[in-house]
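Here the structure is a predicted model, which is why all the values come from computation and not from measurement.
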Amino acid sequence: MPPALSILDLASIAPGQTARDSFANSVEIARAAERSGYRRVWYAEHHNMASIASSATSVLIGHIAEHTETIRLGAGGIMLPNHSPLVIAEQFGTLETLFPGRIDLGLGRAPGSDQKTMRAMRRSPESSDTFPQDVLELQGYLSGNSRIPGVQAVPRAEGVVPLYILGSSLFGAQLAAQLGLPYAFASHFAPDALHQAIRVYRDTFRPSEQLAEPYVMAAANVFAADTHDAAREQKTIAYRARTRAFIKRGAADVDYTDDEIDAFLASPNGAQLASMTRYTAVGTPEEVHAYLADFAESIHADELILAHHAHRIEDRVRSVELTGTAVAAAA
């Protein structure tokens, strides 16, 4: 069986657009995913990033759920050390109560921000040290088996809110295996440890009440279009914009030309940034399907979670549709 397809929607705010525009775009992407056979759409918690609108992740999930019918929705992920496990259990218990059978909860331990923003969130550098214990505490609230006597999450949904561990290193792989939870690797921007982490996860997995066997999700970037040249152009535009945003963090008042951005990416200093998007499928539906099939086979992935990055929402929706149709046709 081919791997299931899902989407990571970064809820990006394009130049000249607003957060409201971003939310409308996210609804369109989720609807396209729903009609194109995708399993789920996830949204990630980021803070103090002018180009990403998913900081209030659980609120955005509820908004998208109101405008879709069947597709699963969730966090990919909630950065748990930023929060009390009880508060997250209450939020996702509420979501599952409102939209039964449709809510996922992926958990990460990174701040999803820079050091200044981390302090503004009242998070210390040591907050991530208790991530494993926080996951267990959260799991207890969601299942009605609280680890804190006399404290329950209200509301607690009748249905199950499945947990996923997110990661880009061996730590997440080891924790997911130890707890018997599905593991999602952030290979769309942190590809280096992918194969090693997946091996560690599979080799050390312990069955749990939630999961009997290892379940691997891996992320990849996608630009699918009706022609190869159109897809390549979309990739060029999107990755130039990404590079420009990275560079301007330290030089906000400087405007870089496309030629300067291309020269930087071709330089030794830009090589590391360029390598972060190593796993990117570009081209016609057939080309994208072939790339994703090879990628999934290389790690025996159970599910691929795809980030469609085209600058224009029309192209992003088209990429979602073309990829879903191509994979379904080959099944």
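- No side-chain heavy atom of T243 sits under 4.5 Å from any side-chain heavy atom of Y256.
- In plain terms, the two heavy atoms of M79 and R109 that are nearest each other are SD-N, 4.3 Å.
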- Message: With side-chain contact (heavy atoms from CB on, under 4.5 Å) as the criterion, how do I7 and I305 come out once you've worked through the C-alpha distance, each side chain's angles and the decisive distance to 0.1 Å?
- Response: CA-CA 5 Å; I7 288 178; I305 185 157; 5.6 Å; no
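- With R35 contributing its side chain and A33 its backbone, the two residues share no donor-acceptor pair below 3.5 Å.
- For D302, the side chain to side chain contact (heavy atoms under 4.5 Å, CB included) criterion is met by R202, Y215, V216, not counting sequence neighbours.
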- Would D9 and W42 satisfy side-chain hydrogen bond (donor to acceptor under 3.5 Å, both in side chains), going step by step from the backbone distance to the final call? CA-CA 6 Å; D9 179 3; W42 279 0; over 6 Å; no
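- The shortest side-chain heavy-atom distance between P162 and R72 falls under the 4.5 Å cut-off.
- Using a 4.5 Å cut-off on side-chain heavy atoms (C-beta onward), S128 and R123 make contact.
- Put simply, Y279 and L166 are part of the same group of oily side chains (I, L, V, M, F, W, Y) that touch within less than 4.5 Å, one to the next.
- Separation of atoms OG (S12) and NE2 (H308) is listed at 12.5 Å; rounding is to 0.5 Å.
- Here I165 contributes atom CD1 and L175 contributes atom CG; the two are 4.5 Å apart, rounded to the nearest 0.5 Å.
- A search for salt bridge (charged side-chain N to carboxylate O under 4.0 Å, His left out) contacts involving R232 returns nothing, not counting sequence neighbours.
- When hydrophobic clusters are built by joining Ile, Leu, Val, Met, Phe, Trp and Tyr residues whose side-chain heavy atoms come closer than 4.5 Å, directly or via intermediates, V135 is not grouped with V151.
- Hydrophobic clustering (ILVMFWY, side-chain heavy atoms < 4.5 Å, transitive): M217 and F171 are in one cluster.
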- Task: Check step by step if side-chain contact (heavy atoms from CB on, under 4.5 Å) holds for V161 and L95.
- Result: CA-CA 9 Å; V161 178; L95 285 168; over 6 Å; no
- For Q178 and T204, run side-chain contact (heavy atoms from CB on, under 4.5 Å): C-alpha distance rounded to whole Å, both residues' side-chain angles, the deciding distance at 0.1 Å, then the answer. CA-CA 7 Å; Q178 178 185 351; T204 60; over 6 Å; no
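- Residues A218 and I299 come closest through the heavy atom pair CB-CD1, 3.4 Å.
- A salt bridge does not link R102 to E96: none of the charged nitrogens lies less than 4.0 Å from a carboxylate oxygen.
- In this structure, the ring of F223 has its center less than 6.0 angstrom from the ring center of Y239.
- Each of T280, T277, N221 was scored for a side chain to side chain donor-acceptor pair (under 3.5 Å) with H309, with one residue passing: N221.
- One distance of note links CD of E137 with CD1 of I88; it measures 11.5 Å at 0.5 Å rounding.
- Atom CZ of R31 sits about 13.5 Å away from atom OG of S36, to the nearest 0.5 Å.
- For the ring-ring contact (aromatic ring centres under 6.0 Å, His included) test, no residue two or more places apart in sequence or in another chain qualifies with Y38.
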- Message: Assess the residue pair D226 and R318 against the criterion (side-chain contact (heavy atoms from CB on, under 4.5 Å)); give the C-alpha distance rounded to whole Å, side-chain angles, the decisive distance to 0.1 Å, and a yes or no.
- Response: CA-CA 9 Å; D226 292 293; R318 184 65 174 155; 2.7 Å; yes
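- Side-chain contact between Y43 and L73: present, with at least one pair of heavy atoms (C-beta onward) separated by less than 4.5 Å.
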- Criterion salt bridge (charged side-chain N to carboxylate O under 4.0 Å, His left out) on R316 and E28, from CA distance to verdict: CA-CA 10 Å; R316 227 177 307 155; E28 291 305 309; over 6 Å; no
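- Proximity of V27 to I29: side-chain heavy atoms (C-beta onward) are nowhere separated by under 4.5 Å.
- Minimum interatomic distance between A190 and S168 (heavy atoms only, all atoms of both residues): CB-CB, 3.6 Å.
- Between F295 and S187, some side-chain heavy-atom pair lies under the 4.5 Å cut-off.
- For the atom pair CG (L138) and CG (L86), the distance works out to 9.5 Å, reported to the nearest 0.5 Å.
- Under the 4.5 Å side-chain heavy-atom criterion for grouping Ile, Leu, Val, Met, Phe, Trp and Tyr, Y141 is not connected to L181 through any hydrophobic cluster.
- Closest non-hydrogen pair, A75 versus I61, comes out as N-CD1, 3.6 Å.
- For F23, the ring-ring contact (aromatic ring centres under 6.0 Å, His included) criterion is met by no residue, not counting sequence neighbours.
- Pairing each heavy atom of G108 with each of P81, the nearest pair is O-CD, 3.4 Å.
- Cluster annotation: M49 is not connected to V59 through the hydrophobic network of ILVMFWY side chains, with a link wherever side-chain heavy atoms come within less than 4.5 Å.
- Formation of a donor-acceptor pair under 3.5 Å by the T18 side chain with backbone atoms of D21 is found in this model.
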- Please test E287 against H228 for side-chain hydrogen bond (donor to acceptor under 3.5 Å, both in side chains), starting from the C-alpha separation and ending with a verdict. CA-CA 8 Å; E287 291 171 322; H228 179 85; 3.0 Å; yes
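- Between the side chains of T257 and D259, no donor N or O sits under 3.5 Å from an acceptor N or O.
- Contact annotation: the side chain of Y164 never approaches that of Y183 to less than 4.5 Å [non-hydrogen atoms, C-beta and beyond].
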- Message: Run the side-chain hydrogen bond (donor to acceptor under 3.5 Å, both in side chains) test on S22 and N25 for me, step by step, so that the C-alpha distance in whole Å, both residues' side-chain angles and the decisive distance to 0.1 Å come before the verdict.
- Response: CA-CA 5 Å; S22 171; N25 292 343; 5.8 Å; no
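- Evaluation of the ring-ring contact (aromatic ring centres under 6.0 Å, His included) rule for H63 yields H67 as partners, not counting sequence neighbours.
- Note: R206 CZ to L211 CG = 14.5 Å, rounded to the nearest 0.5 Å.
- Proximity of a side-chain donor or acceptor of S146 to a complementary backbone N or O of G140 within less than 3.5 Å is not detected.
- In terms of heavy-atom proximity, Q210 sits nearest to P182 at NE2-CD, 3.4 Å.
- Side chain of Q196 to main chain of L170: no donor-acceptor pair is present (N/O by atom type, distance under 3.5 Å, no hydrogens or angles).
- No donor-acceptor distance shorter than 3.5 angstrom exists from the side chain of T323 to the backbone of V320, with no hydrogens or angles considered.
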- Query: Yes or no on side-chain hydrogen bond (donor to acceptor under 3.5 Å, both in side chains) for E45 and H83, after CA distance, side-chain angles and deciding distance?
  - Reply: CA-CA 11 Å; E45 177 188 347; H83 310 277; 3.0 Å; yes
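- Side-chain contact between L273 and F246 is present, with at least one heavy-atom pair separated by less than 4.5 Å.
- Applying the side chain to side chain contact (heavy atoms under 4.5 Å, CB included) rule to D192 yields the partners R278; only residues at least two apart in sequence or on another chain are considered.
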